[in-house]
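The structure appears right after this line, and notes come after that.
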Amino acid sequence: MSLIKKYSFPLLLCITAWLWLYNSSCIRRDNFRTNGGTIAFSQDTLLFDTVFTAMGTSTRSIKIINKEKERLKIESIRLFRGSSSPYFLNVNGVSGKSVSDVSIEGNDSLYVFASVFIDPTNTDNPFIVEDRIVARVNGQDFTLPVLAYGQNAIYVTDSVLQTQTWTKNRPYVIIKNALVEEGHTLTLNAGTRVYVHADSRLFVQGTLKVNGTKNDSVVFQGDRIDRRVYFDDEDFVNGVGGEWGGINLLKTSYNNTINYLLLKNGGASTMLGENVITDASLQVDPDTVNNGTPKLTITNSTIRNSGGYGLLAFASSIKSENNLFFACAKENVALIQGGRYDFFGCTIAGFASRINTATDKHYSMVALNFLSTGNNAYIGGNLFLTLRNCIIYGNMEDEFFPNKVDDFTAQVTLDHCLIRSNAALPSWVTQQSVLLNQDPLFENTNANNLHFNDYHLKTGSPAKGAGITFSGMAGLDMDGTPRNNPPSIGCYE
(Lines give C-alpha, C1' and ligand atoms only; values in the text may rest on other atoms or scores of the structure.)
Protein backbone atom coordinates (compact mmCIF):
# COMPACT_ATOMS: atom_id res chain seq x y z
CA MET A 1 0.00 0.00 0.00
CA SER A 2 1.44 3.44 -0.94
CA LEU A 3 1.88 6.19 1.65
CA ILE A 4 -0.70 8.31 -0.18
CA LYS A 5 -3.33 5.63 0.07
CA LYS A 6 -2.32 4.80 3.62
CA TYR A 7 -2.82 8.36 4.93
CA SER A 8 -5.38 9.84 2.50
CA PHE A 9 -8.47 8.85 4.51
CA PRO A 10 -7.25 10.11 7.95
CA LEU A 11 -5.95 13.31 6.30
CA LEU A 12 -9.28 13.88 4.57
CA LEU A 13 -11.07 13.28 7.87
CA CYS A 14 -8.87 15.87 9.66
CA ILE A 15 -9.40 18.45 6.92
CA THR A 16 -13.15 17.87 7.00
CA ALA A 17 -13.27 18.24 10.79
CA TRP A 18 -11.18 21.42 10.65
CA LEU A 19 -13.44 22.94 7.99
CA TRP A 20 -16.51 22.08 10.05
CA LEU A 21 -15.06 23.68 13.17
CA TYR A 22 -13.96 26.77 11.22
CA ASN A 23 -17.35 27.20 9.57
CA SER A 24 -19.24 26.63 12.80
CA SER A 25 -17.08 29.20 14.58
CA CYS A 26 -17.77 31.68 11.78
CA ILE A 27 -21.45 31.00 12.10
CA ARG A 28 -21.19 31.47 15.86
CA ARG A 29 -19.37 34.77 15.46
CA ASP A 30 -22.08 36.09 13.18
CA ASN A 31 -24.94 34.67 15.23
CA PHE A 32 -26.94 37.27 17.21
CA ARG A 33 -29.96 36.85 19.38
CA THR A 34 -32.81 37.91 17.11
CA ASN A 35 -35.56 38.53 19.66
CA GLY A 36 -35.77 39.89 23.17
CA GLY A 37 -32.61 40.37 25.18
CA THR A 38 -31.82 42.68 28.05
CA ILE A 39 -29.12 45.29 28.49
CA ALA A 40 -28.37 47.53 31.44
CA PHE A 41 -26.45 50.75 32.05
CA SER A 42 -23.67 50.93 34.62
CA GLN A 43 -25.41 53.83 36.38
CA ASP A 44 -28.95 55.15 36.54
CA THR A 45 -28.11 58.71 35.40
CA LEU A 46 -25.20 60.20 33.49
CA LEU A 47 -24.50 63.41 35.41
CA PHE A 48 -22.27 66.32 34.49
CA ASP A 49 -21.59 68.71 37.35
CA THR A 50 -21.75 72.45 36.72
CA VAL A 51 -20.60 73.35 33.21
CA PHE A 52 -19.65 76.91 32.41
CA THR A 53 -21.44 77.71 29.20
CA ALA A 54 -18.51 78.95 27.14
CA MET A 55 -16.17 76.16 28.21
CA GLY A 56 -18.00 72.92 27.41
CA THR A 57 -16.76 70.07 29.56
CA SER A 58 -14.65 66.96 29.50
CA THR A 59 -15.93 63.56 28.47
CA ARG A 60 -17.90 61.22 30.71
CA SER A 61 -18.37 57.51 30.18
CA ILE A 62 -20.87 54.78 31.01
CA LYS A 63 -21.03 51.09 30.20
CA ILE A 64 -23.81 49.22 28.44
CA ILE A 65 -23.92 45.70 29.84
CA ASN A 66 -25.22 42.65 27.98
CA LYS A 67 -27.15 40.62 30.55
CA GLU A 68 -27.57 37.67 28.19
CA LYS A 69 -25.30 34.72 27.47
CA GLU A 70 -25.81 35.30 23.75
CA ARG A 71 -24.36 37.99 21.57
CA LEU A 72 -26.58 41.05 21.05
CA LYS A 73 -26.68 43.59 18.27
CA ILE A 74 -27.60 47.11 19.36
CA GLU A 75 -29.42 48.56 16.40
CA SER A 76 -28.69 52.13 17.51
CA ILE A 77 -27.33 54.18 20.39
CA ARG A 78 -28.73 57.67 20.01
CA LEU A 79 -29.58 60.90 21.78
CA PHE A 80 -33.31 61.36 22.18
CA ARG A 81 -33.12 65.05 21.20
CA GLY A 82 -31.25 64.18 18.04
CA SER A 83 -29.47 66.97 16.19
CA SER A 84 -30.72 69.58 18.67
CA SER A 85 -28.97 67.87 21.61
CA PRO A 86 -25.97 69.66 23.15
CA TYR A 87 -24.49 66.23 23.88
CA PHE A 88 -22.23 64.13 21.67
CA LEU A 89 -21.61 60.38 21.71
CA ASN A 90 -18.59 58.31 20.85
CA VAL A 91 -18.81 54.52 20.57
CA ASN A 92 -15.90 52.43 19.31
CA GLY A 93 -14.32 55.54 17.80
CA VAL A 94 -17.48 56.56 15.94
CA SER A 95 -18.86 59.90 17.12
CA GLY A 96 -22.08 61.78 16.54
CA LYS A 97 -25.62 62.06 17.81
CA SER A 98 -26.34 58.43 16.87
CA VAL A 99 -24.27 55.30 16.30
CA SER A 100 -25.69 52.19 14.56
CA ASP A 101 -25.07 48.43 14.54
CA VAL A 102 -22.93 47.90 17.60
CA SER A 103 -22.47 44.39 18.99
CA ILE A 104 -21.81 43.15 22.53
CA GLU A 105 -20.69 39.64 23.33
CA GLY A 106 -22.64 37.65 25.88
CA ASN A 107 -22.08 38.75 29.50
CA ASP A 108 -19.83 41.54 28.25
CA SER A 109 -20.01 45.33 28.23
CA LEU A 110 -19.42 48.28 25.93
CA TYR A 111 -18.17 51.78 26.77
CA VAL A 112 -20.13 54.80 25.58
CA PHE A 113 -18.45 58.20 25.90
CA ALA A 114 -20.47 61.40 26.10
CA SER A 115 -19.57 65.09 26.16
CA VAL A 116 -21.61 68.26 26.33
CA PHE A 117 -21.37 71.83 25.12
CA ILE A 118 -23.91 74.36 26.36
CA ASP A 119 -24.43 77.56 24.41
CA PRO A 120 -24.51 80.79 26.44
CA THR A 121 -27.83 82.46 27.18
CA ASN A 122 -28.72 85.65 28.98
CA THR A 123 -29.88 84.03 32.18
CA ASP A 124 -27.79 84.48 35.31
CA ASN A 125 -29.15 81.48 37.18
CA PRO A 126 -27.99 77.87 36.87
CA PHE A 127 -30.09 75.81 34.51
CA ILE A 128 -30.48 72.13 33.74
CA VAL A 129 -29.87 70.66 30.30
CA GLU A 130 -31.52 67.26 29.92
CA ASP A 131 -31.47 64.52 27.32
CA ARG A 132 -31.57 60.73 27.17
CA ILE A 133 -29.32 58.09 25.70
CA VAL A 134 -31.51 55.50 23.96
CA ALA A 135 -30.14 52.07 23.05
CA ARG A 136 -32.39 49.86 20.86
CA VAL A 137 -32.08 46.07 20.95
CA ASN A 138 -34.42 43.92 18.84
CA GLY A 139 -37.01 46.67 18.68
CA GLN A 140 -36.91 47.46 22.43
CA ASP A 141 -35.58 50.77 23.76
CA PHE A 142 -33.43 51.06 26.89
CA THR A 143 -33.09 54.62 28.18
CA LEU A 144 -30.56 56.46 30.36
CA PRO A 145 -31.22 60.04 31.59
CA VAL A 146 -28.42 62.55 30.97
CA LEU A 147 -28.20 65.78 33.01
CA ALA A 148 -25.85 68.78 33.01
CA TYR A 149 -26.13 71.81 35.23
CA GLY A 150 -25.06 74.79 33.17
CA GLN A 151 -24.26 78.30 34.29
CA ASN A 152 -23.19 81.43 32.49
CA ALA A 153 -19.96 82.99 33.66
CA ILE A 154 -17.92 86.15 33.19
CA TYR A 155 -14.54 85.28 31.70
CA VAL A 156 -11.41 87.13 32.76
CA THR A 157 -8.73 86.03 30.31
CA ASP A 158 -5.16 87.27 30.60
CA SER A 159 -6.51 90.61 31.81
CA VAL A 160 -5.22 93.74 33.52
CA LEU A 161 -7.95 94.97 35.85
CA GLN A 162 -8.60 98.53 36.90
CA THR A 163 -10.92 99.57 39.72
CA GLN A 164 -14.08 97.48 39.57
CA THR A 165 -16.50 95.44 41.68
CA TRP A 166 -17.40 91.79 41.22
CA THR A 167 -20.79 90.54 42.38
CA LYS A 168 -22.56 87.24 42.89
CA ASN A 169 -24.84 87.55 39.84
CA ARG A 170 -22.60 85.35 37.73
CA PRO A 171 -19.44 83.40 38.55
CA TYR A 172 -16.08 84.69 37.33
CA VAL A 173 -13.63 82.40 35.56
CA ILE A 174 -9.96 83.44 35.47
CA ILE A 175 -7.97 82.02 32.56
CA LYS A 176 -4.26 82.72 31.94
CA ASN A 177 -4.05 84.98 35.00
CA ALA A 178 -5.49 88.34 35.96
CA LEU A 179 -3.66 91.36 37.40
CA VAL A 180 -5.11 94.18 39.51
CA GLU A 181 -3.16 97.21 38.32
CA GLU A 182 -1.17 99.32 40.76
CA GLY A 183 -3.26 102.15 42.19
CA HIS A 184 -6.52 100.33 41.45
CA THR A 185 -8.86 98.29 43.65
CA LEU A 186 -10.73 95.07 42.97
CA THR A 187 -13.72 94.67 45.30
CA LEU A 188 -15.47 91.32 45.68
CA ASN A 189 -18.93 91.60 47.16
CA ALA A 190 -20.55 88.96 49.37
CA GLY A 191 -21.38 85.77 47.52
CA THR A 192 -18.91 86.28 44.66
CA ARG A 193 -17.72 82.98 43.18
CA VAL A 194 -14.37 82.88 41.38
CA TYR A 195 -13.23 79.82 39.44
CA VAL A 196 -9.59 79.77 38.39
CA HIS A 197 -8.36 77.67 35.49
CA ALA A 198 -5.57 75.14 36.03
CA ASP A 199 -2.33 76.99 36.92
CA SER A 200 -3.79 80.49 36.61
CA ARG A 201 -3.65 83.10 39.39
CA LEU A 202 -4.93 86.45 40.56
CA PHE A 203 -2.03 88.89 40.96
CA VAL A 204 -2.59 92.14 42.86
CA GLN A 205 -0.35 95.16 42.39
CA GLY A 206 -3.05 97.45 43.73
CA THR A 207 -5.59 96.59 46.43
CA LEU A 208 -7.93 93.65 47.01
CA LYS A 209 -11.11 94.06 49.08
CA VAL A 210 -13.06 90.89 49.88
CA ASN A 211 -16.37 91.68 51.57
CA GLY A 212 -17.81 88.26 52.34
CA THR A 213 -20.27 87.64 55.14
CA LYS A 214 -20.95 84.71 57.42
CA ASN A 215 -23.95 83.65 55.35
CA ASP A 216 -22.51 84.59 51.97
CA SER A 217 -18.76 84.11 51.80
CA VAL A 218 -16.56 84.77 48.79
CA VAL A 219 -15.17 81.55 47.29
CA PHE A 220 -12.11 80.88 45.13
CA GLN A 221 -11.68 77.40 43.66
CA GLY A 222 -10.59 75.62 40.49
CA ASP A 223 -12.83 75.61 37.44
CA ARG A 224 -12.59 71.82 36.96
CA ILE A 225 -15.73 71.18 38.96
CA ASP A 226 -17.03 68.10 37.15
CA ARG A 227 -14.54 66.07 39.16
CA ARG A 228 -16.37 62.78 38.89
CA VAL A 229 -14.79 62.61 35.45
CA TYR A 230 -11.42 62.11 37.10
CA PHE A 231 -12.02 60.70 40.56
CA ASP A 232 -14.14 57.83 41.73
CA ASP A 233 -13.25 58.66 45.34
CA GLU A 234 -16.16 60.64 46.80
CA ASP A 235 -13.76 62.69 48.94
CA PHE A 236 -11.95 63.89 45.82
CA VAL A 237 -15.28 64.97 44.33
CA ASN A 238 -14.89 67.98 46.63
CA GLY A 239 -11.56 68.79 45.03
CA VAL A 240 -7.85 68.10 45.31
CA GLY A 241 -5.02 70.40 46.27
CA GLY A 242 -3.29 72.15 43.40
CA GLU A 243 -6.28 72.48 41.06
CA TRP A 244 -5.33 76.14 40.49
CA GLY A 245 -2.62 78.60 41.44
CA GLY A 246 -3.50 81.15 44.07
CA ILE A 247 -3.78 84.83 44.99
CA ASN A 248 -0.54 86.83 45.02
CA LEU A 249 -0.34 90.21 46.77
CA LEU A 250 2.70 91.73 45.10
CA LYS A 251 5.24 94.20 46.52
CA THR A 252 3.35 97.34 45.52
CA SER A 253 0.06 96.05 46.91
CA TYR A 254 -1.18 97.59 50.17
CA ASN A 255 -4.21 98.00 52.45
CA ASN A 256 -5.76 94.66 51.44
CA THR A 257 -8.73 93.49 53.53
CA ILE A 258 -10.34 90.06 53.41
CA ASN A 259 -13.41 88.97 55.37
CA TYR A 260 -15.16 85.60 55.02
CA LEU A 261 -13.13 84.21 52.16
CA LEU A 262 -12.89 80.50 51.36
CA LEU A 263 -9.78 79.52 49.41
CA LYS A 264 -9.88 75.84 48.56
CA ASN A 265 -7.87 73.39 46.44
CA GLY A 266 -5.31 75.99 45.30
CA GLY A 267 -1.54 75.96 45.63
CA ALA A 268 -0.36 74.77 42.21
CA SER A 269 3.22 75.63 41.35
CA THR A 270 3.00 77.66 38.16
CA MET A 271 5.12 79.41 35.56
CA LEU A 272 4.97 83.09 34.63
CA GLY A 273 7.21 83.40 31.64
CA GLU A 274 10.46 81.80 32.81
CA ASN A 275 9.72 82.44 36.48
CA VAL A 276 8.38 79.76 38.80
CA ILE A 277 5.59 80.96 41.07
CA THR A 278 5.61 79.30 44.47
CA ASP A 279 2.88 76.79 45.24
CA ALA A 280 0.82 78.82 47.72
CA SER A 281 -2.91 79.48 47.88
CA LEU A 282 -2.29 82.98 49.26
CA GLN A 283 1.12 84.62 48.91
CA VAL A 284 1.91 87.99 50.48
CA ASP A 285 5.08 89.65 49.20
CA PRO A 286 7.22 92.13 51.19
CA ASP A 287 5.56 95.22 52.61
CA THR A 288 7.32 98.02 50.74
CA VAL A 289 4.74 100.67 51.67
CA ASN A 290 5.25 100.48 55.46
CA ASN A 291 2.52 102.98 56.27
CA GLY A 292 1.67 101.42 59.65
CA THR A 293 -1.38 99.60 58.28
CA PRO A 294 -0.95 95.87 57.69
CA LYS A 295 -0.43 94.95 54.08
CA LEU A 296 -3.18 92.35 54.65
CA THR A 297 -5.94 92.18 57.24
CA ILE A 298 -7.71 88.82 56.98
CA THR A 299 -10.61 87.76 59.20
CA ASN A 300 -13.14 84.91 59.44
CA SER A 301 -11.60 83.11 56.49
CA THR A 302 -10.58 79.57 55.60
CA ILE A 303 -7.64 78.34 53.55
CA ARG A 304 -7.84 74.59 53.06
CA ASN A 305 -6.46 71.74 51.02
CA SER A 306 -3.66 73.62 49.28
CA GLY A 307 -1.35 71.65 47.03
CA GLY A 308 1.51 73.59 48.63
CA TYR A 309 1.47 76.33 51.26
CA GLY A 310 -1.73 77.78 52.65
CA LEU A 311 -0.62 81.30 53.60
CA LEU A 312 2.94 82.22 52.62
CA ALA A 313 4.43 85.61 53.48
CA PHE A 314 7.84 87.16 52.86
CA ALA A 315 8.99 90.11 55.00
CA SER A 316 5.42 91.34 55.09
CA SER A 317 2.80 92.62 57.56
CA ILE A 318 -0.41 90.73 58.34
CA LYS A 319 -3.17 90.88 60.89
CA SER A 320 -5.05 87.56 61.02
CA GLU A 321 -8.06 86.98 63.30
CA ASN A 322 -10.65 84.19 63.54
CA ASN A 323 -9.15 82.25 60.62
CA LEU A 324 -8.88 78.52 59.91
CA PHE A 325 -5.91 77.05 58.04
CA PHE A 326 -5.82 73.29 57.47
CA ALA A 327 -5.01 70.30 55.24
CA CYS A 328 -2.22 71.91 53.23
CA ALA A 329 0.48 69.73 51.68
CA LYS A 330 3.18 72.07 52.97
CA GLU A 331 2.93 74.54 55.86
CA ASN A 332 -0.52 75.90 56.53
CA VAL A 333 1.16 79.19 57.49
CA ALA A 334 4.75 80.05 56.56
CA LEU A 335 6.23 83.41 57.58
CA ILE A 336 9.66 83.83 55.98
CA GLN A 337 12.37 86.50 55.92
CA GLY A 338 10.98 88.38 58.91
CA GLY A 339 8.03 90.75 58.95
CA ARG A 340 5.39 91.91 61.41
CA TYR A 341 2.48 89.60 62.15
CA ASP A 342 -0.41 89.35 64.61
CA PHE A 343 -2.47 86.16 64.76
CA PHE A 344 -5.47 86.27 67.10
CA GLY A 345 -8.02 83.50 67.67
CA CYS A 346 -6.82 81.33 64.77
CA THR A 347 -6.83 77.56 64.31
CA ILE A 348 -3.87 76.20 62.36
CA ALA A 349 -4.40 72.47 61.97
CA GLY A 350 -1.66 70.28 60.55
CA PHE A 351 -3.65 67.23 59.56
CA ALA A 352 -1.83 66.82 56.28
CA SER A 353 -3.44 66.65 52.87
CA ARG A 354 -3.48 63.20 51.27
CA ILE A 355 -1.22 64.40 48.46
CA ASN A 356 1.52 65.03 51.03
CA THR A 357 4.00 62.15 50.82
CA ALA A 358 5.12 60.18 53.83
CA THR A 359 8.70 61.43 53.43
CA ASP A 360 7.78 65.13 53.49
CA LYS A 361 8.24 66.93 56.79
CA HIS A 362 6.12 70.02 57.08
CA TYR A 363 4.87 71.83 60.15
CA SER A 364 1.54 73.50 60.71
CA MET A 365 3.37 76.81 61.00
CA VAL A 366 6.90 78.12 60.57
CA ALA A 367 8.25 81.56 61.47
CA LEU A 368 11.75 82.53 60.28
CA ASN A 369 13.65 85.80 60.16
CA PHE A 370 15.61 84.64 57.13
CA LEU A 371 15.18 83.11 53.67
CA SER A 372 17.73 80.54 52.59
CA THR A 373 19.19 81.23 49.15
CA GLY A 374 21.37 78.10 49.01
CA ASN A 375 24.98 77.21 49.83
CA ASN A 376 24.59 78.42 53.42
CA ALA A 377 23.59 81.86 52.14
CA TYR A 378 20.47 83.73 53.17
CA ILE A 379 18.70 87.05 53.20
CA GLY A 380 16.74 88.20 56.22
CA GLY A 381 14.70 90.78 58.07
CA ASN A 382 13.50 91.54 61.57
CA LEU A 383 10.68 89.27 62.74
CA PHE A 384 7.91 90.34 65.11
CA LEU A 385 5.20 87.72 65.63
CA THR A 386 2.44 87.59 68.23
CA LEU A 387 0.18 84.55 68.51
CA ARG A 388 -2.70 85.08 70.95
CA ASN A 389 -5.55 82.64 71.64
CA CYS A 390 -4.35 80.41 68.79
CA ILE A 391 -4.26 76.64 68.29
CA ILE A 392 -1.35 75.10 66.38
CA TYR A 393 -1.93 71.36 66.41
CA GLY A 394 -1.80 68.35 64.13
CA ASN A 395 -0.75 64.75 63.77
CA MET A 396 3.01 65.37 64.00
CA GLU A 397 5.01 65.59 67.23
CA ASP A 398 6.12 69.13 66.38
CA GLU A 399 3.73 71.47 64.60
CA PHE A 400 5.33 74.87 65.27
CA PHE A 401 8.84 75.72 64.10
CA PRO A 402 10.34 79.13 64.92
CA ASN A 403 13.95 79.72 63.85
CA LYS A 404 16.31 82.65 63.45
CA VAL A 405 19.72 83.89 62.45
CA ASP A 406 21.44 86.33 64.78
CA ASP A 407 21.94 89.02 62.13
CA PHE A 408 18.31 90.08 62.51
CA THR A 409 15.86 90.56 65.38
CA ALA A 410 13.43 87.75 66.19
CA GLN A 411 10.62 88.36 68.68
CA VAL A 412 7.99 85.63 68.89
CA THR A 413 5.31 85.73 71.60
CA LEU A 414 2.89 82.92 72.41
CA ASP A 415 0.10 84.23 74.60
CA HIS A 416 -2.63 81.84 75.80
CA CYS A 417 -2.09 79.40 72.94
CA LEU A 418 -2.35 75.63 72.57
CA ILE A 419 0.71 74.28 70.77
CA ARG A 420 1.86 70.78 69.85
CA SER A 421 5.64 70.67 70.22
CA ASN A 422 7.54 67.82 71.81
CA ALA A 423 10.81 69.62 71.13
CA ALA A 424 11.47 72.44 73.56
CA LEU A 425 10.68 75.81 72.04
CA PRO A 426 13.68 78.16 71.79
CA SER A 427 14.40 80.35 74.81
CA TRP A 428 13.93 83.50 72.73
CA VAL A 429 10.24 82.57 72.21
CA THR A 430 8.19 84.26 74.94
CA GLN A 431 5.50 81.99 76.41
CA GLN A 432 2.59 83.08 78.56
CA SER A 433 -0.07 80.57 79.70
CA VAL A 434 0.74 78.17 76.86
CA LEU A 435 -0.87 74.72 76.78
CA LEU A 436 1.72 72.32 75.39
CA ASN A 437 0.80 68.99 73.78
CA GLN A 438 -2.78 68.93 75.04
CA ASP A 439 -5.25 67.49 72.56
CA PRO A 440 -7.72 70.29 71.70
CA LEU A 441 -10.43 67.68 71.09
CA PHE A 442 -11.60 68.83 67.68
CA GLU A 443 -14.94 67.41 66.57
CA ASN A 444 -13.46 65.53 63.60
CA THR A 445 -9.94 65.22 62.17
CA ASN A 446 -9.96 62.46 59.58
CA ALA A 447 -6.93 62.79 57.32
CA ASN A 448 -8.68 60.62 54.71
CA ASN A 449 -11.81 62.76 54.65
CA LEU A 450 -10.41 66.28 54.72
CA HIS A 451 -13.41 68.12 53.35
CA PHE A 452 -15.57 67.05 56.25
CA ASN A 453 -13.14 67.81 59.03
CA ASP A 454 -14.66 69.85 61.84
CA TYR A 455 -12.44 72.05 64.00
CA HIS A 456 -15.08 73.08 66.49
CA LEU A 457 -14.15 72.17 70.05
CA LYS A 458 -15.79 69.27 71.85
CA THR A 459 -17.15 69.68 75.34
CA GLY A 460 -14.24 69.19 77.72
CA SER A 461 -11.64 70.61 75.34
CA PRO A 462 -8.74 72.22 77.24
CA ALA A 463 -9.00 75.13 74.81
CA LYS A 464 -12.49 76.00 76.09
CA GLY A 465 -12.35 79.23 78.08
CA ALA A 466 -8.54 79.13 78.16
CA GLY A 467 -7.92 82.34 76.22
CA ILE A 468 -7.43 85.94 77.25
CA THR A 469 -9.52 89.03 76.56
CA PHE A 470 -7.53 91.94 75.13
CA SER A 471 -8.15 95.37 73.70
CA GLY A 472 -9.35 95.34 70.09
CA MET A 473 -10.30 91.65 70.16
CA ALA A 474 -13.16 90.61 67.89
CA GLY A 475 -16.31 90.12 69.95
CA LEU A 476 -17.57 87.26 67.73
CA ASP A 477 -15.93 84.04 66.62
CA MET A 478 -15.84 82.73 63.06
CA ASP A 479 -19.40 81.39 63.42
CA GLY A 480 -20.66 84.76 64.62
CA THR A 481 -20.98 83.40 68.17
CA PRO A 482 -20.19 85.93 70.93
CA ARG A 483 -16.84 85.37 72.62
CA ASN A 484 -17.00 84.48 76.30
CA ASN A 485 -14.88 86.10 78.97
CA PRO A 486 -12.41 84.48 79.04
CA PRO A 487 -12.73 83.31 75.43
CA SER A 488 -11.87 79.92 74.02
CA ILE A 489 -8.66 79.38 72.10
CA GLY A 490 -8.99 78.99 68.32
CA CYS A 491 -11.35 80.31 65.66
CA TYR A 492 -14.46 78.77 67.26
CA GLU A 493 -15.83 79.64 70.67
Side-chain angles (χ1 to χ4, degrees), residues 22-53 55-119 126-151 224-240:
Y22 175 80
N23 289 331
S24 64
S25 65
C26 289
I27 293 171
R28 186 164 55 250
R29 279 198 298 269
D30 292 335
N31 186 30
F32 295 96
R33 179 168 180 159
T34 57
N35 57 76
T38 300
I39 61 172
F41 295 98
S42 57
Q43 55 201 67
D44 57 13
T45 302
L46 184 58
L47 175 65
F48 293 81
D49 289 344
T50 303
V51 177
F52 295 117
T53 54
M55 293 290 287
T57 188
S58 56
T59 300
R60 298 291 317 277
S61 66
I62 51 99
K63 287 193 293 185
I64 297 178
I65 303 165
N66 182 0
K67 309 287 282 188
E68 308 294 338
K69 294 180 181 180
E70 301 160 286
R71 197 175 184 218
L72 291 177
K73 177 182 284 187
I74 303 179
E75 299 162 43
S76 65
I77 303 172
R78 61 186 175 86
L79 292 163
F80 181 79
R81 291 174 56 182
S83 60
S84 65
S85 177
Y87 297 93
F88 300 88
L89 300 177
N90 187 298
V91 183
N92 291 339
V94 179
S95 60
K97 307 290 186 177
S98 178
V99 178
S100 301
D101 296 331
V102 180
S103 63
I104 311 181
E105 297 295 333
N107 296 319
D108 203 351
S109 60
L110 169 76
Y111 272 99
V112 175
F113 297 90
S115 60
V116 62
F117 183 88
I118 302 174
D119 290 329
F127 54 93
I128 299 175
V129 177
E130 299 180 83
D131 204 344
R132 286 176 280 171
I133 294 176
V134 182
R136 171 163 288 200
V137 177
N138 292 327
Q140 183 179 358
D141 287 340
F142 298 85
T143 302
L144 176 74
V146 183
L147 296 174
Y149 297 91
Q151 188 172 44
R224 185 73 280 160
I225 51 180
D226 51 340
R227 297 183 185 90
R228 289 182 179 85
V229 174
Y230 309 104
F231 307 112
D232 293 328
D233 187 328
E234 279 300 313
D235 187 39
F236 281 143
V237 168
N238 293 285
V240 294

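Hydrogens, waters and symmetry mates are skipped; everything else that's a heavy atom, side chains included, is used.
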With a cut-off of 6.0 Å (strictly less than), are more than 12 heavy atoms of other residues, nucleotides or ligands near CZ of F80? no
Evaluate the side chain to side chain contact (heavy atoms under 4.5 Å, CB included) criterion for residues R60 and F113: first the C-alpha distance (whole Å), next the side-chain angles of each, then the deciding distance (0.1 Å), finally the verdict. CA-CA 6 Å; R60 298 291 317 277; F113 297 90; over 6 Å; no
Taking atom [atom1] of [X] and atom [atom2] of [Y], what is their separation to the nearest 0.5 Å?
X	Y	atom1	atom2	result
K67	L72	NZ	CG	12.0 Å
S100	I74	OG	CD1	11.0 Å
N138	E75	CG	CD	6.0 Å
I39	L144	CD1	CG	10.0 Å
Q151	I118	CD	CD1	10.5 Å
T143	D131	OG1	CG	10.5 Å

For the backbone of E68 and the side chain of N66, can you confirm whether one donor and one acceptor N or O come within less than 3.5 Å of each other? yes
Can you check whether P145's main-chain N or O pairs, donor with acceptor, with E130's side chain at less than 3.5 Å? no
Going through the distances and angles, do K63 and I104 end up as a side chain to side chain contact (heavy atoms under 4.5 Å, CB included)? CA-CA 11 Å; K63 287 193 293 185; I104 311 181; over 6 Å; no
Does the side chain of [X] reach to within under 4.5 Å of the side chain of [Y], using non-hydrogen atoms?
X	Y	result
R81	V129	yes
L110	I77	yes
P86	F117	no
V146	F48	yes
L147	L46	no

Residue pair [X] / [Y]: nearest heavy atoms and the distance that separates them:
X	Y	result
G36	V137	O-CG1, 4.0 Å
Y87	A148	OH-N, 3.1 Å
I62	Q43	CG2-CD, 3.5 Å
A135	F41	CB-CZ, 4.3 Å

Using the six-membered ring of F88, assess whether NZ or CZ of K97 lies under 6.0 Å from its centre and within 45 degrees of the ring axis. yes
